[in-house]
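This report concerns only the one structure given below.
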Amino acid sequence: MDKKKVAVPLVCHGHSRPVVDLFYSPITPDGFFLISASKDSHPMLRNGETGDWIGTFEGHKGAVWSSCLDNNALRAASASADFSAKLWDALTGDVLHSFEHKHIVRACAFSEDTKLLITGGFEKILRVFDLNRLDAAPTEVDKSPGSIRTLTWLHSDQTILSSCTDIGGVRLWDVRSGKIVQTLETKSPVTSAEVSQDGRYITTADGSSVKFWDANHFGLVKSYDMPCNVESASLEPKSGEKFVAGGEDMWVRVFDFYSGEEIGCNKGHHGPVHCVRFSPTGESYASGSEDGTIRIWQTTPNHSVDEVAKKIEGFHINKEGKPQIKLSDA
């Protein structure tokens with residue numbers, strides 16, 4: 001990658017407050033999709049390649065801290081400061097169920113088989129909900145040592161990864177016993193934890209460090225010091241040769257996985273970057289910021305901005321400040 005080459009992103013407007021979480025679906029027969037969580041309480045669904053706005057999920061009454069899609073992008077889930085997590089129909093935008101909690105819900109994640117949903121937050125309790133029995137009481141995993149910040153599944157839904165807002169480390173929970181079986185030690189609280197698409201690595205961001213862990217044996221593979229405190233990092237899913245990181249300096253940086261050398265620096269956001277995620281194709285990555293925008297950056301040199309811009313022709317903001325898709329006359 002040419003270090004001097006200036007990347008021009010697709011800028012996705014629509015959120016009125018900071019964007020705090022991004023999640024890409026796997027590739028489906030209809031393409032892949034991007035869902036964003038924002039403090040404006042309205043998760044948004046977009047075409048993952050072009051950034052086209054598809055719809056907004058209406059129903060939360062507080063900041064939404066986390067959102068995700070199931071493997072087929074047919075259902076969405078969200079975790080909110082209104083003491084609830086919601087399950088949505090991603091085709092209609094309807095609420096399928098609201099899971100009530102007793103405090104702020106900070107994280108949620110679908111299991112790989114999409115039969116379960118896990119939630120966690122200020123209560124320090126991991127709850128596993130059976131999505132085939134929506135009214136059934138959840139299974140509660142042992143109490144977390146701190147307020148839960150991130151959650152993700154591992155090992156074909158046999159293990160849960162969690163990190164806390166106030167203490168360092170990533171905890172690995174055995175789903176059957178409900179106990180912590182291992183802790184990946186970090187000096188600072190882990191603000192981002194991602195399992196690579198091939199299941200080989202766990203990518204974490206803590207303080208000014210990005211770390212890669214062996215997802216099967218849990219040893220530390222690589223650790224790189226960043227130019228600033230970073231909130232999020234994501235590994236390129238196809239070749240695994242580079243990763244992106246974003247944080248308090250408002251820049252989205254690209255690094256070589258093997259050496260840690262910075263090979264790109266993308267400027268454009270007007271506030272700290274809270275989340276970065278690679279698309280499932282590896283041809284682009286998205287960043288969400290305090291400035292309320294999502295930016296989608298291309299990684300393939302022959303995928304020009306002009307080409308992608310043609311795909312989003314007609315995308316605009318309406319008078320209410322919300323994005324909408326302008327249908328052609330064809």
Side-chain angles (χ1 to χ4, degrees), residues 21 23 25-26 35 37 43 57 59-60 62 64-90 94-167 169-184 189-190 192-195 199 202 204 215-216 218:
D21 189 38
F23 183 94
S25 76
I35 190 170
F57 298 98
H60 278 299
V64 175
W65 288 105
S66 174
S67 57
C68 56
L69 295 162
D70 69 14
N71 285 342
N72 297 312
L74 297 177
R75 294 176 299 177
S78 53
S80 173
D82 66 7
F83 295 15
S84 78
K86 292 187 186 298
L87 179 69
W88 309 83
D89 184 318
D94 295 334
V95 177
L96 298 175
H97 197 79
S98 185
F99 303 101
E100 301 305 319
H101 293 63
K102 295 178 181 177
H103 213 313
I104 292 170
V105 191
R106 194 66 193 265
C108 61
F110 285 105
S111 59
E112 290 179 39
D113 64 10
T114 70
K115 295 178 181 179
L116 305 171
L117 180 75
I118 189 167
T119 66
F122 282 27
E123 287 182 87
K124 304 180 182 179
I125 299 171
L126 284 77
R127 291 184 172 90
V128 182
F129 295 91
D130 184 342
L131 299 182
N132 292 321
R133 298 165 58 235
L134 294 176
D135 293 322
T139 300
E140 293 191 359
V141 182
D142 230 8
K143 201 169 179 71
S144 168
S147 176
I148 296 164
R149 172 72 181 260
T150 68
L151 288 170
T152 189
W153 296 81
L154 185 65
H155 297 157
S156 301
D157 304 329
Q158 298 303 306
T159 305
I160 296 168
L161 306 184
S162 73
S163 70
C164 301
T165 59
D166 39 8
I167 55 176
V170 174
R171 277 141 208 95
L172 289 85
W173 305 77
D174 179 81
V175 173
R176 286 165 294 188
S177 68
K179 304 292 183 183
I180 297 172
V181 293
Q182 189 146 352
T183 299
L184 310 181
V190 170
S192 170
E194 175 191 80
V195 178
I202 300 166
T204 62
N216 295 301
F218 307 119

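All residue numbers refer to positions in the sequence shown, counting from 1. Side-chain atoms are counted along with the backbone in the values below, which use heavy atoms only and exclude waters and symmetry mates. These numbers come from a predicted model, not from an experiment.
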Q: To the nearest 0.5 angstrom, please state how far the CG atom of L116 sits from the CG atom of L131.
A: 6.5 Å
**Q.** Gap between atom CG of L154 and atom OG1 of T159 - 0.5 Å precision
**A.** 5.5 Å
Q | Residues in side chain to side chain donor-acceptor pair (under 3.5 Å) contact with N72, at least two apart in sequence or another chain | A | none
Q: Return the set of residues passing side chain to side chain donor-acceptor pair (under 3.5 Å) with E140 (not counting sequence neighbours), or none when no residue passes.
A: R127
Q) So which of L172, T204, T150 actually passes side chain to side chain contact (heavy atoms under 4.5 Å, CB included) with L161? A) L172
Q | Side chain proximity check, I160 to W153, heavy atoms < 4.5 angstrom | A | yes
(Q) Restricting to side-chain contact (heavy atoms from CB on, under 4.5 Å), what partner residues turn up for A37, sequence neighbours left out? (A) V20, D21, V64, S67
Q) Mind checking whether H97 and F99 have ring centres under 6.0 Å apart? A) yes
Q) Is there any salt bridge (Lys or Arg N to Asp or Glu O under 4.0 Å) pair reaching into residues 67-76, and which pairs are they, with sequence neighbours excluded? A) D70-R75
Q) Do V141 and V128 have side-chain heavy atoms sitting under 4.5 Å apart? A) yes
Q: Give the minimum heavy-atom separation between N216 and G199, together with the two atoms involved.
A: ND2-O, 4.2 Å
**Q.** Approximate separation, where rounding is to 0.5 Å, of F57 CZ and I35 CD1
**A.** 4.5 Å
Q) Is there a side-chain contact between V105 and W65, using heavy atoms and a 4.5 Å cut-off? A) no
Q) Which atom names give the shortest non-hydrogen contact between S111 and D113, and what distance separates them? A) OG-OD1, 2.7 Å
Q: Can you sort out the partners of S177 under side chain to side chain donor-acceptor pair (under 3.5 Å), two or more places apart, ordered by chain and number?
A: D174
Q | Shortest non-hydrogen separation from C108 to L117 and the atoms involved | A | CB-CD1, 4.4 Å
Q: Can you measure from CD (E112) to CG (N71) and round to the nearest 0.5 angstrom?
A: 7.5 Å
Q) At their closest point, which heavy atom of H101 faces which heavy atom of S84, and how far apart are they? A) ND1-CA, 4.2 Å
Q. Measuring from S98:OG to L87:CG, what's the distance to the nearest 0.5 Å?
A. 10.0 Å
**Q.** Criterion side chain to side chain contact (heavy atoms under 4.5 Å, CB included) against E123, the qualifying member of K143, R106, H103
**A.** H103
Q | side chain to side chain donor-acceptor pair (under 3.5 Å) against S147, all qualifying residues, sequence neighbours excluded | A | none
Q) With a 4.5 Å heavy-atom cut-off, do V175 and D157 have their side chains touching? A) no
Q) Can you tell if the side chain of V170 reaches within under 4.5 Å of the side chain of I202, non-hydrogen atoms only? A) no
